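Atoms considered below: every heavy atom in the structure, side chains included; atoms not considered: hydrogens, waters and symmetry mates. Note that the structure is a prediction, hence the values are computed from the model and not measured.
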Amino acid sequence: MSRFILLYIGDGKSGDPEKDSDNYNKYMEWLGKLNKILVSPANPLKDNTIVKSDRIIENVSVTGLSGYTIIEAANIKEAAEIAKGCPFLDSGGVIEIAELIQMNR
């Protein structure tokens, strides 16, 4: 099994507190179903900051990255099929998937 990172892009909020609460509960339920393949679930991010090539620091996000989950899957296709079931998508979010490569030191 390989490891894949699911990158959540967008804030996952619809503007309706009731719907957002429902989506959050569905997200936690979805994670619960993935229990055996989860490596690092539900990692929200905040205070996104970038360091530009000219070494200037800005407190912004250029990608809208809001969090990540790491899972195990046989291949990228299987990881994408797993991501398709994520309720984060129901609020207009996008999930980018990439295989994590272990580097030798």
Side-chain angles (χ1 to χ4, degrees):
M1 294 289 258
S2 297
R3 289 186 175 184
F4 294 86
I5 189 165
L6 310 181
L7 299 163
Y8 303 116
I9 301 168
D11 66 6
K13 298 191 187 312
S14 68
D16 177 347
E18 189 173 317
K19 184 176 181 180
D20 291 343
S21 178
D22 187 47
N23 281 345
Y24 175 79
N25 291 334
K26 288 178 181 176
Y27 174 72
M28 295 309 287
E29 183 179 317
W30 176 75
L31 285 175
K33 292 177 184 175
L34 301 180
N35 188 38
K36 293 184 180 193
I37 63 167
L38 286 174
V39 175
S40 183
N43 297 283
L45 304 173
K46 70 175 195 171
D47 297 334
N48 295 31
T49 299
I50 62 169
V51 179
K52 296 170 27 177
S53 61
D54 58 6
R55 307 308 195 261
I56 293 176
I57 298 169
E58 292 184 11
N59 295 82
V60 298
S61 172
V62 295
T63 62
L65 186 61
S66 61
Y68 68 92
T69 294
I70 299 174
I71 63 169
E72 291 183 330
N75 53 50
I76 190 79
K77 184 176 179 180
E78 181 179 271
E81 285 298 319
I82 292 165
K84 279 176 50 175
C86 182
F88 180 78
L89 300 170
D90 297 335
S91 61
V94 172
I95 299 175
E96 183 172 337
I97 306 151
E99 184 173 356
L100 295 171
I101 305 299
Q102 188 162 6
M103 295 184 61
N104 296 324
R105 295 182 191 207

*Asks:* Going hydrophobic residue to hydrophobic residue with side-chain gaps under 4.5 angstrom, can you get from Ile70 over to Leu6?
*Replies:* no
*Asks:* Taking the side chain as every heavy atom from C-beta outward, state whether Leu100 and Phe4 have any pair of such atoms under 4.5 Å apart.
*Replies:* no
*Asks:* Side-chain contact test, heavy atoms from C-beta onward, threshold under 4.5 Å: evaluate it for Glu72 versus Val39 and give yes or no.
*Replies:* yes
*Asks:* Start with the C-alpha distance between Ser91 and Asn23, add both sets of side-chain angles, then the distance that settles side-chain hydrogen bond (donor to acceptor under 3.5 Å, both in side chains), and finish with yes or no.
*Replies:* CA-CA 8 Å; Ser91 61; Asn23 281 345; 4.6 Å; no
*Asks:* Calculate, to the nearest 0.5 Å, the distance between atoms CG and OG belonging to Asp47 and Ser61 respectively.
*Replies:* 11.5 Å
*Asks:* Take atom CD of Glu99 as the centre, draw a 6.0 Å sphere, and report whether it contains more than 12 heavy atoms from other residues, nucleotides or ligands.
*Replies:* yes
*Asks:* Heavy atoms only: give me the nearest Ala42-Leu31 pair and the separation to one decimal.
*Replies:* CB-CD1, 3.7 Å
*Asks:* Hey, do the aromatic rings of Tyr8 and Tyr27 have their centres closer than 6.0 Å?
*Replies:* yes
*Asks:* Using side-chain heavy atoms (C-beta onward) and a distance below 4.5 Å, is Thr49 in contact with Glu58?
*Replies:* no
*Asks:* Verify, without hydrogens or angle tests, whether Glu29 (side chain) and Asn25 (backbone) share a donor-acceptor contact under 3.5 angstrom.
*Replies:* no
*Asks:* Is there a side-chain contact between Ile50 and Ile57, using heavy atoms and a 4.5 Å cut-off?
*Replies:* no
*Asks:* Sub-3.5 Å donor-acceptor pair from the side chain of Ser2 to the main-chain atoms of Asn75, do we have one?
*Replies:* no
*Asks:* Spell out, yes or no, whether Ile9 and Ile82 are grouped together once hydrophobic residues are joined by side-chain heavy atoms under 4.5 Å, including indirect joins.
*Replies:* no
*Asks:* Using the rule that Ile, Leu, Val, Met, Phe, Trp and Tyr join whenever any side-chain heavy atoms are under 4.5 Å apart, tell me whether Phe88 and Leu38 fall into a single cluster.
*Replies:* yes
*Asks:* Mind checking the NZ-OH spacing from Lys13 to Tyr24? Nearest 0.5 Å is all I need.
*Replies:* 10.5 Å
*Asks:* With rounding to the nearest 0.5 Å, note down the distance linking CE in Met28 to NZ in Lys33.
*Replies:* 13.5 Å
*Asks:* Look at the side chain of Asn43 and the backbone N and O of Pro41, then say whether any donor-acceptor pair between them is shorter than 3.5 Å.
*Replies:* yes
*Asks:* Between Arg105 and Met103, is there a donor-acceptor pair closer than 3.5 Å when you use the side chain of the first and the backbone of the second?
*Replies:* no
*Asks:* Would you say Leu34 and Ile95 are hydrophobically clustered, going by side-chain heavy atoms of ILVMFWY under 4.5 Å?
*Replies:* yes
*Asks:* Roughly how far, to the nearest 0.5 Å, is the CE atom of Met1 from the CD1 atom of Ile71?
*Replies:* 8.5 Å
*Asks:* Between Lys77 and Glu81, does any NZ, NE, NH1 or NH2 come within less than 4.0 Å of an OD or OE carboxylate oxygen?
*Replies:* no
*Asks:* For the atom pair CG (Asp16) and OG (Ser21), what is the distance rounded to the nearest 0.5 Å?
*Replies:* 10.0 Å
*Asks:* Do Val60 and Asn48 make a side-chain contact, defined as non-hydrogen atoms from C-beta onward lying under 4.5 Å apart?
*Replies:* no
*Asks:* Does the side chain of Asp20 come within less than 4.5 Å of Asp22's, by heavy atoms?
*Replies:* no
*Asks:* Identify whether Ile97 and Trp30 are in the same connected component of the hydrophobic contact network (ILVMFWY, side-chain heavy atoms under 4.5 Å).
*Replies:* yes
